[in-house]
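Below, read A as the first sequence line, B as the second, and so on, with proteins coming before strands; counting in each chain starts at 1.
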Protein chains: 2
Amino acid sequence: MRGNLFAVAVDLVVLTVRDGVLCVLLRERAAPPFAGERALPGGFVRGREDLLDAAGRELLEIGLAIDGHHLEQLASYAAPDRDPRGRVLTVGHLALVPDLPEPPGECIWVPVAEAGTLAFDHTQVLADGVERARAKLEYTTLATAFCPAEFTISQLRRVYEAVWGTCPDPRNFSRKVTSTPGFLVPTGTKVSSGRGRPGQLYRRGPATALHPPMLRDQPSDPPR
Amino acid sequence: MRGNLFAVAVDLVVLTVRDGVLCVLLRERAAPPFAGERALPGGFVRGREDLLDAAGRELLEIGLAIDGHHLEQLASYAAPDRDPRGRVLTVGHLALVPDLPEPPGECIWVPVAEAGTLAFDHTQVLADGVERARAKLEYTTLATAFCPAEFTISQLRRVYEAVWGTCPDPRNFSRKVTSTPGFLVPTGTKVSSGRGRPGQLYRRGPATALHPPMLRDQPSDPPR
DNA sequence: TCAAAAGTGTTTCAATTACACCCATGT
DNA sequence: ACATGGGTGTAATTGAAACACTTTTGA
């Protein structure tokens, strides 16, 4: 078998919305390389694991339950000098989780806008993950992955505002999501958010696609 | 460094449109494993190559020039038993080329609908590649990657028809693509396609995104 | 002259936008 | 009572779908 051998890692772009701000889960590296710098959580693929299994295990080790969370493969990165220890290919994964009371494991939540430069090529992996999340909010129902099991339309709208930085008119947004079949399932109960009229509670519906899509004001120009 | 070692391969989903039919480039495997079966062209990553470099080299070895062709990473596949020789991770790539007079190299053009079951997990890789191409025609100008340097709107429309199986009304399609700034650049010359009124010739413009997108009648429901 | 393909004009319809207005609740 | 957020009604606007019709070529 020609070709050289690689260690294969999975790295996780775990995104959430905290207080209206899109945040990513980062870990400060204890050991070299890049000791002391911030990096995406991740680790090597073990034994007979498949990629998504390895990513799920890393989520578990961080302290996040697997099921109920969105987890998908992003892209692979294998520049020859990306890891000084040798040839390491990493498969970036995107995980979306609802707001959690405490940062899990040894990790910290950092606003995406303040993430700065990360270890390895994780700056690029993070950028790709955020762009993927932004794009998918347009044409899928993925925004619910940022919400707890039951949520109001306001909470869902705040997800769009945090991820996109903007969002359509609240009243039209409400109509759009409730009129898409299978997007939201009303629970029948209402909840008060402190002030104002209480909102209807919803769960995720079975729909995944959004037709027609939700429109951003100035969508970014993705590379072909 | 924990974790086991992998051989890393790149496999290519090379798509083109021949006589109005979406075709994929396949190679019959000479050596085990899967000897005699059809597979996607590909090979192991060598030396200090990055992934896209390795995919470009494979394209060259097949006999296709690199530049001018669209080439992008698709996804990685690493199921533990996908290759009987051991742990091999493959990074699928998508390449789009215009119709070529002869099938390059040792390869054959096979209509995607007749590809059947391929070696390894290449059936899945092909399906993912086709789905990516279908999706990208909606919101990018990628269809021009299937066309030669100069082409008519009819040729471009036939790309949509081949890839999607359907396409909007020819007259509205014409308006849509010509009214999107930067999609098409008229060359000023006309060309006759045997019968009927000659059409205007165009080149690719600098635009990559399509806003608003081209709409399919029944878009497939992509996994979240 | 006719068939075939390119391209324009125009009507119809669906969806988004914008915004006036009412509803329900906490203070 | 009133501020605050939830939600409905509705007109204006935009863009796509549908299709009649003209233009330009080859046979």
Please list, for nucleotides 6-10 of chain C, all pairs of protein and nucleotide N/O atoms separated by less than 3.5 Å.
residue: C/dA6; atom: OP1; partner: B/S154; partner atom: OG; Å: 2.0
residue: C/dA6; atom: OP2; partner: B/S154; partner atom: OG; Å: 2.9
residue: C/dA6; atom: N3; partner: B/R197; partner atom: NH1; Å: 3.1
residue: C/dG7; atom: OP1; partner: B/Q200; partner atom: N; Å: 3.1
residue: C/dG9; atom: N7; partner: B/R175; partner atom: NH1; Å: 3.0
residue: C/dG9; atom: O6; partner: B/R175; partner atom: NH1; Å: 3.4
residue: C/dG9; atom: O6; partner: B/R175; partner atom: NH2; Å: 2.6

note = By side chain to side chain contact (heavy atoms under 4.5 Å, CB included), B/T180 pairs with (sequence neighbours left out) B/F183, B/L210
key: By side chain to side chain contact (heavy atoms under 4.5 Å, CB included) - contacts of A/S192 (at least two apart)   = A/P198
query = Given atom CG of A/L215 and atom C1' of D/dG15, what is their separation to the nearest angstrom?
reply = 11 Å
query = In whole Å, what is the span from the NE2 atom of B/H211 to the P atom of C/dT16?
reply = 16 Å
note = Heavy-atom nearest nucleotide on DNA chain D taken for B/D169 and for B/K176; more 5' hit belongs to B/K176
remark   = For B/R171, the side chain to side chain contact (heavy atoms under 4.5 Å, CB included) test, sequence neighbours excluded, returns B/D169
inquiry  = Using the side chain to side chain contact (heavy atoms under 4.5 Å, CB included) criterion, which residues pair with B/R38? Sequence neighbours excluded.
reply    = B/L26, B/I108, B/V110, B/L118
Less than 3.5 Å apart, which donor and acceptor atoms pair up between the side chains of residues 9-21 of chain A and the rest of the protein, not counting sequence neighbours?
residue: A/D11; atom: OD2; partner: A/T90; partner atom: OG1; Å: 2.7
residue: A/D11; atom: OD2; partner: A/H122; partner atom: NE2; Å: 3.0
residue: A/T16; atom: OG1; partner: A/V97; partner atom: O; Å: 2.7
residue: A/T16; atom: OG1; partner: A/P98; partner atom: O; Å: 3.1
residue: A/T16; atom: OG1; partner: A/D99; partner atom: N; Å: 3.4
residue: A/R18; atom: NH1; partner: A/D99; partner atom: OD1; Å: 3.3
residue: A/R18; atom: NH1; partner: A/L100; partner atom: O; Å: 2.9

task = Decide yes or no for A/F146 and A/Q155: does some side-chain heavy atom of the first lie under 4.5 Å from some side-chain heavy atom of the second?
result = no
ask   = So what does B/P212 hit on the nucleic acid, given a heavy-atom distance under 4.0 Å: a base, only sugar-phosphate, or nothing?
value = sugar-phosphate
ask   = Of the nucleotides D/dA16, D/dC19, D/dA17, which has the atom closest to the B/P168 side chain?
value = D/dA17
